[in-house]
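A short write-up of the structure that comes next.
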Amino acid sequence: MLHPASRRHLIAALLILAAGIFLRVYPSAGFHGVGFDEALYRDFAVKLDRVGFTNFPAICEVFLEDQRDPAHMAKLPPTRVLYIASAWAWKRIASGDTPPVPPNTPHLTGDPYLAALHSVSCAASILLLATAGAFAWRMAGPTMGLGVLALMACAPTQIHLAQHALIDGFFAFIATLALWLLWENLRRPSDTRLLTALTVVLALMVLTKENAFFVFVALCGIIAANRWARFGTVTPRLLIVMVAGPLAGLLLLISLAGGPSPFIEIYRLLVTKAGALRYAIMTGDGPWYRYLVDLLLVSPIVLCLAIGGLFTSVKTSRPLCYLSAFIGFSYLIMCNVRYGMNLRYTSIWDFPLRALAVAQIGLLARPIGFSTASLQTREPHTLASNPESASPSAAPLFRSESTRCGALVFWLLIAALGAYEIRQYRIFFHDFGLYELASEGLLRAVKILK
């Protein structure tokens, strides 16, 4: 039997999850066309259905033949295998042998491949929502878990990515899962099942998108910083997994590309052509703080609260320090990619930013009777001398001793912020009908540019 408080938390989590699923499933996007990326992913899924998975190298060869022509613009590579294969499998299960609609069909209405891609993106956004809530719950207790779940349910970019056949929400789910599994492995260093799960997820991350490099660097940075931050215990087995997982994914990717030579050529052409692509030059560049500007346009209150959390909660909070380190290390490399910046790529930060925001809201409600606690579960010297004593999950950030008024204010602030986030989604993605998340479109949506 669940404790009454636990039952209430579980019911609340299910209700919030249901609301988040509705926001993702309900068709609310103002853009109803087929984006450039969506058309390419659909084309790859159609080809995969025709030639079969064992002939995937043939798809890569056709891609290379197209990209070798200097007159052809840069296109997304077919090596984003996991997303394409997931859509192909979804189409086979949902639509069987149904053929694609003719290319001249307006908006490709009724196309089973595009529908499968949309479904995969939506499912990934829902899985990320559940993963973020569960991760926060494990790290800092049920109140943090519910707060993060509520803010993630209303995250504008997450709802947007669920409405279109875009890979970024799918990748964010895999990346967040890897981040969670690394945390669990640091806290429980002798669990073989967790090590195996991390190995698999790291391999899948490499099979999803080139941005896996950014996440991998951030995870390695966290392991390096563990010497001082004491997130948990780094073992030789964990270090082996951090090499073996990505390496397994890379070797499989090379095999699917047809060998080392085609694999290298695919990415060489991608880098060369993307660097000369007019759209990338016009929209993908900017100073190091461009991501901050874009985030400030779409989710200003969340960003401001998260920045406040960096100065208030992180210094006494090991889990929040862990999440902040992930943002910091990945930001450091992502903001230095020339012609390769886009707000869609920041979907991997949606969960950490909202965890920091929830912690800051808790501090704001503290004078009214909302009780907070430090997240330090063990003193550093204790953890170092006895790694096995580390708790698998952290102590709750928010105590149960909060007054009724304090708790009410906290949840009202969470609800108000969630409502504001939905309003932001409506402004950018419903009323303005934004599809691409370049800075110019964001500025026009809020009428800074006209």
Side-chain angles (χ1 to χ4, degrees), residues 34-69 72-101 103 108 111-121 123-124 165-171 173-175 178 199-213 215-216 244-274:
V34 180
F36 182 74
D37 291 6
E38 293 177 302
L40 289 175
Y41 290 131
R42 174 191 173 273
D43 183 54
F44 289 139
V46 170
K47 290 176 179 176
L48 181 57
D49 205 21
R50 288 174 178 168
V51 304
F53 202 81
T54 55
N55 291 320
F56 201 89
I59 301 175
C60 294
E61 182 57 36
V62 171
F63 173 81
L64 284 172
E65 290 175 2
D66 174 83
Q67 291 294 281
R68 285 169 185 149
D69 188 338
H72 291 177
M73 68 166 56
K75 295 180 180 178
L76 302 175
T79 46
R80 299 179 176 187
V81 177
L82 188 61
Y83 183 64
I84 298 166
S86 298
W88 167 71
W90 193 296
K91 185 267 175 185
R92 297 299 304 176
I93 295 171
S95 305
D97 296 324
T98 304
V101 301
L108 295 176
D111 182 73
Y113 297 91
L114 189 60
L117 285 163
H118 283 158
S119 298
V120 168
S121 295
L166 294 169
I167 196 173
D168 303 278
F170 184 89
F171 177 75
F173 164 62
I174 302 292
T199 305
V200 172
V201 170
L202 288 174
L204 294 177
M205 188 171 70
V206 173
L207 290 169
T208 302
K209 197 181 179 187
E210 311 80 53
N211 293 36
F213 177 71
V215 176
F216 177 71
L247 183 60
L250 181 62
L251 291 175
L252 181 55
L253 201 58
I254 292 172
S255 174
L256 290 170
S261 181
F263 175 79
I264 294 172
E265 188 177 7
I266 286 173
Y267 285 103
R268 181 182 63 79
L269 288 171
L270 176 65
V271 172
T272 302
K273 284 181 169 283

| query | If only atom types and distance count, is the side chain of Q67 paired as donor or acceptor with the main-chain N or O of M73 below 3.5 Å? | reply | yes
| field | Heavy-atom pair of closest approach, residues P100 and R50 | value | CG-NH2, 4.2 Å
| query | Between atom CZ of F263 and atom OG1 of T79, what is the distance when rounded to the nearest 0.5 Å? | reply | 6.5 Å
| said: Is it the case that atom CZ in F213 sees more than 12 heavy atoms from other parts of the structure closer than 6.0 Å? | reply: no
| query | If you look at every heavy atom in P246 and F216, which pair is closest and at what distance? | reply | CG-CE1, 3.6 Å
| request: Using the test side-chain hydrogen bond (donor to acceptor under 3.5 Å, both in side chains), find all partners of E265 that sit at least two apart in sequence or belong to another chain. | output: R68
| Heavy atoms, side chains only, cut-off 4.5 Å: are L117 and R42 in contact? | yes
| message | Treating K75 as the side-chain partner and F63 as the backbone partner, does any N or O pair qualify as donor plus acceptor under 3.5 Å? | response | no
| task | To the nearest 0.5 Å, tell me how far C60 SG sits from K47 NZ. | result | 10.0 Å
| query | What's the shortest heavy-atom distance between F56 and L256, and which atoms? | reply | CD2-O, 3.5 Å
| said: The test is side-chain contact (heavy atoms from CB on, under 4.5 Å); show your working for L251 and L247 and say whether it passes. | reply: CA-CA 6 Å; L251 291 175; L247 183 60; 4.2 Å; yes
| remark: Of all heavy-atom pairs linking P260 and I254, the shortest is N-CG2, 3.5 Å
| message | Looking at K91 and T98, would you say the former's side chain and the latter's main chain have a donor-acceptor pair under 3.5 Å? | response | yes
| Side chains of L108 and Y113 in contact at under 4.5 Å (non-hydrogen atoms) | no
| request: Give the intermediate values and the outcome of side-chain contact (heavy atoms from CB on, under 4.5 Å) for residues D97 and R92. | output: CA-CA 7 Å; D97 296 324; R92 297 299 304 176; 2.7 Å; yes
| query | Considering only heavy atoms from C-beta outward, does the side chain of I167 approach that of D37 to under 4.5 Å? | reply | no
| query | What distance do N211 atom CG and I174 atom CD1 have between them, rounded to the nearest 0.5 Å? | reply | 13.5 Å
| So, D111 side chain and L114 main chain: donor-acceptor pair closer than 3.5 Å or not? | yes
| field | Check: S121/Y83 side-chain N/O donor and acceptor closer than 3.5 Å | value | yes
| field | Point-to-point distance, once rounded to the nearest 0.5 Å, from CD1 of I59 to CG of L48 | value | 5.0 Å
| said: Check whether S119 reaches the backbone of A115 with its side chain - one donor and one acceptor, N or O, closer than 3.5 Å. | reply: yes
| query | Rounded to the nearest 0.5 Å, how far does CG of L76 lie from CG of D43? | reply | 11.0 Å
| What residue pairs, at least two apart or across chains, pass side-chain hydrogen bond (donor to acceptor under 3.5 Å, both in side chains) with a residue in residues 199-209? | D168-K209
| query | Which value, rounded to the nearest 0.5 Å, describes the distance between L82 atom CG and L253 atom CG? | reply | 10.5 Å
